[in-house]
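Okay, structure first, notes after.
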4 protein chains.
Amino acid sequence: MTAQQARRPGRPRSERARQAVLAATLALAAEQEPADLHMEAIAKRANVSKETLYRWWHSKTEVILDTLAERGQQTIPLPDTGTLRGDLRDFLRATVDSADPATGRLLHSIAAAAASDENAARQVRDQFLATRRADLGQILRRGAARGEIDHDNAALALDLIYGSLWYRLIFRTGPLDYRWADQVAAAIASP
Amino acid sequence: MTAQQARRPGRPRSERARQAVLAATLALAAEQEPADLHMEAIAKRANVSKETLYRWWHSKTEVILDTLAERGQQTIPLPDTGTLRGDLRDFLRATVDSADPATGRLLHSIAAAAASDENAARQVRDQFLATRRADLGQILRRGAARGEIDHDNAALALDLIYGSLWYRLIFRTGPLDYRWADQVAAAIASP
Amino acid sequence: MTAQQARRPGRPRSERARQAVLAATLALAAEQEPADLHMEAIAKRANVSKETLYRWWHSKTEVILDTLAERGQQTIPLPDTGTLRGDLRDFLRATVDSADPATGRLLHSIAAAAASDENAARQVRDQFLATRRADLGQILRRGAARGEIDHDNAALALDLIYGSLWYRLIFRTGPLDYRWADQVAAAIASP
Amino acid sequence: MTAQQARRPGRPRSERARQAVLAATLALAAEQEPADLHMEAIAKRANVSKETLYRWWHSKTEVILDTLAERGQQTIPLPDTGTLRGDLRDFLRATVDSADPATGRLLHSIAAAAASDENAARQVRDQFLATRRADLGQILRRGAARGEIDHDNAALALDLIYGSLWYRLIFRTGPLDYRWADQVAAAIASP
DNA sequence: CGGTAAGCGAGACGGTACGTCTTGTCTTATT
DNA sequence: AATAAGACAAGACGTACCGTCTCGCTTACCG
């Protein structure tokens, strides 16, 4: 498939620059407010020219999505406890664990971008939300197969669960902790 | 009570200017993208000086919250159908009805602001979310009193319901229509 | 003539406010840069409303000219030493003496106003320069009568003397001190 | 010599933008009042961003001084008539000739800036007055060498001559014409 | 091994919103 | 009527970030 890769002439893309950009993005997210995480700052921090930055990422949203993909993807394994509630609990607890402050600010940034720009919203959906929904969907589908949840409700549960998560994240209505994870798991997988 | 109001010296605040700002905000929201809804544009559209704008509203978030309070608040009456599911259904349908395109873009703007600025998040919580949560909370409490929902779940339901609403709104994962309202009502008020 | 003064109805003009404005102008000139001497600052410092300020003085230039008239006018007496050079020397030395830092900054302000506004230039000429020129002119005319200076040159000398004074003041090319006064006196009244 | 110039990295400064700014400044001076000659207007007229404008010129004074240097510098040649009076006459007549309305308004602007800001005064002295004083100083030195003027008076004459010029310009006490030039030349180079 | 072509850093550019500031006018109640 | 208080429309200020551009230099390949 992509094996051959059609080697193009000219100087190849600098892997060093790519890594520097992702690292700078993560570093800035760890240190500063979401509003201070802009293209100019990323370029400066990464010692990369804005030209290079814009050549490979067309917007801040793309940079952040790439950073999240690179750094945070692998962290959430699919649990298999035998019960829906157990699976949900473990999955949500793992999700909560993965949301360190830096990641949290990256999520804030893409939420802000998605809210104010329809195109960014699409990118976030396709490149970030989709995989999470697929994972959680699989857990719910298994629960539905065991009769622990209605099939229609399973589809809606995705929105309810991730909705409440982002709601807490964006509006800071409360902490995203194990208590929250357990309550949601219990509410969705009520007997 | 507060009737007397202790008349301050000097020229009183112009109600005309205040209304013009709120109307301009609504008009811009109806016509343009959220990103084009900035203080400069509001001032120009309202024929109001930037000084006046900043004197009374310290940020765009405050202007939008005021606009929402003035124009959209009174629209959602508390239903009383006798059942939790019925009440939820009616309330959510009314909520969906109130989200015309202009209002939707105002909501997008405050979501973006809340996501990227902790202070804005607090303002949105206190001046916008709080009343909505109180309304829906009343419905849920009535349901709990009738034994239609567990008391603990009632508290969580607030997050699940409004979470899924904002999630759809921000990430455009699906339409906010009666179908959504009915499904959520059914899922929360499952027998 | 002006004896009767046609007493008008209503509250009479506040002499207190007038004095406060002139005092505030002088105080600000003594403390700050010419650029910080604006109508807003004068009003605030004088505890006078801008309304009152603009009612009686139509521009900053008028306020400053009034301040100069009130505070600095009487200081320069006409000398009579018997020789042109002596008279010039004493007059210029007295002029130099009268230019304390506060007065200097007031002069800077009216120079700036005159340079950028033709109308202000006319006011400065009529209400400030005219009297100085008359005084110096009298000295020069006495010298011409004694044959110490050519009549035509006497007229021009006004420009040369006051010109070099303002030039030093505006562009800070050198100090306005007795040395300068004596040199100018000697040059103009050369034997 | 300085030919190599040590080429700095990055995009080089746009000569086009530089010329556009100077041309816009001159054009605005020709058409409008000194007060309407502000940075915003210059940027707009030159089709140059404010950022670019402020990057290369830190204040309006610097822009004007640059404009004067570029457009008006070369116009006054040093005369050599053989007599001080003749040299002065020619030099002052040429100076008068160079003061077209646009240039006059530029001079008004820098005079206003110098009067109200010590730093601006220094810049005007160093970048504008200095060369003029050097030119006129040379003429006077030649006169002193020929014994046509006392050496001490020669130094003072600089102030007297340029002082009276700026005095007329700023306070509009009279026209800057050949009559003025001839009178001053005669008075300074009196036999 | 020298030519060709793209990537890269540096940083200038036009554009434009930001939040602040001063101007001169106005609208109140009080004097 | 004049006052103080202070709100108002207007618009310039200087700063910041955006996304694009123009340089000279570097790093590959390909003939």
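Chain A is the first sequence line, chain B the second, and so forth, proteins listed ahead of strands; every chain is numbered from 1. Just so it is clear, the model here is predicted, and its values are computed rather than measured.
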Below 4.0 Å: OP1/OP2 of [N] and any side-chain N or O of [X]:
X	N	answer
T52(D)	dG14(E)	yes
S14(D)	dA12(E)	no
R55(B)	dC8(F)	yes

Whole-Å distance separating the [atom1] atom of [X] from the [atom2] atom of [N]:
X	N	atom1	atom2	value
E40(D)	dT15(F)	CD	P	13 Å
R45(D)	dG14(E)	CZ	P	16 Å
L37(C)	dT22(E)	CG	P	12 Å
Y54(B)	dC21(E)	OH	P	13 Å
M39(D)	dT16(E)	CE	P	19 Å
W57(D)	dG14(F)	CH2	C1'	16 Å
E15(A)	dG7(E)	CD	C1'	14 Å
L53(D)	dA16(F)	CG	P	16 Å

Query raised in the report: Starting at the 5' end of DNA chain F and moving along, which residue's nearest nucleotide shows up first, N47(C) or V48(B)?
Result: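 It is N47(C), whose closest nucleotide lies nearer the 5' terminus.
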Query raised in the report: Taking for each residue the nucleotide of DNA chain F bearing the nearest heavy atom, is the 5' side occupied by S49(C) or by H38(D)?
Result: S49(C)
Do the side chain of [X] and the base of [N] come within less than 3.5 angstrom through a donor-acceptor pair of N or O atoms?
X	N	answer
E51(C)	dC26(E)	yes
K50(D)	dG15(E)	no
R11(A)	dT26(F)	yes

Report task. Could you verify whether a donor N or O on one side chain and an acceptor N or O on the other, from Q127(C) and E62(C), lie under 3.5 Å apart? Result -> no
Query - Six-ring centre of W56(C), R16(C) cation under 6.0 angstrom, axis tolerance 45° - result: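 Judged by the rule (NZ or CZ under 6.0 Å from the ring centre, within 45° of its axis), R16(C) is not positioned above W56(C).
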Query raised in the report: Counting side-chain heavy atoms from CB outward, which of dG6(F), dT28(E), dA9(F) is closest to A17(B)?
Result: dA9(F)
Query raised in the report: Can you tell me if R105(A) uses its side chain to pair, donor with acceptor, with the backbone of A30(A) under 3.5 Å?
Result: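 Such a contact is found between R105(A) side chain and A30(A) backbone.
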Report summary line: In this structure, CD1 of I110(A) is separated from CZ of F128(A) (nearest 0.5 Å) by 5.0 Å
Query raised in the report: If we only count heavy atoms from C-beta on, is the L106(C) to L26(C) side-chain gap below 4.5 Å?
Result: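 L106(C) reaches L26(C) side chain to side chain.
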Query raised in the report: When we call it a touch if two heavy atoms are under 4.0 Å apart, what does R16(A) touch: a base, just sugar-phosphate, or nothing?
Result: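 It contacts sugar-phosphate atoms only.
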Report task. Report which part of the nucleic acid W56(D) touches: base, sugar-phosphate, or nothing (heavy-atom distance under 4.0 Å, all strands). Result ->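 Sugar-phosphate: the residue W56(D), judged by heavy atoms under 4.0 Å, touches backbone atoms but no base.
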Query raised in the report: Closest nucleotide of DNA chain E for A41(B) versus for P9(B): which of these residues is on the 5' side?
Result: A41(B)
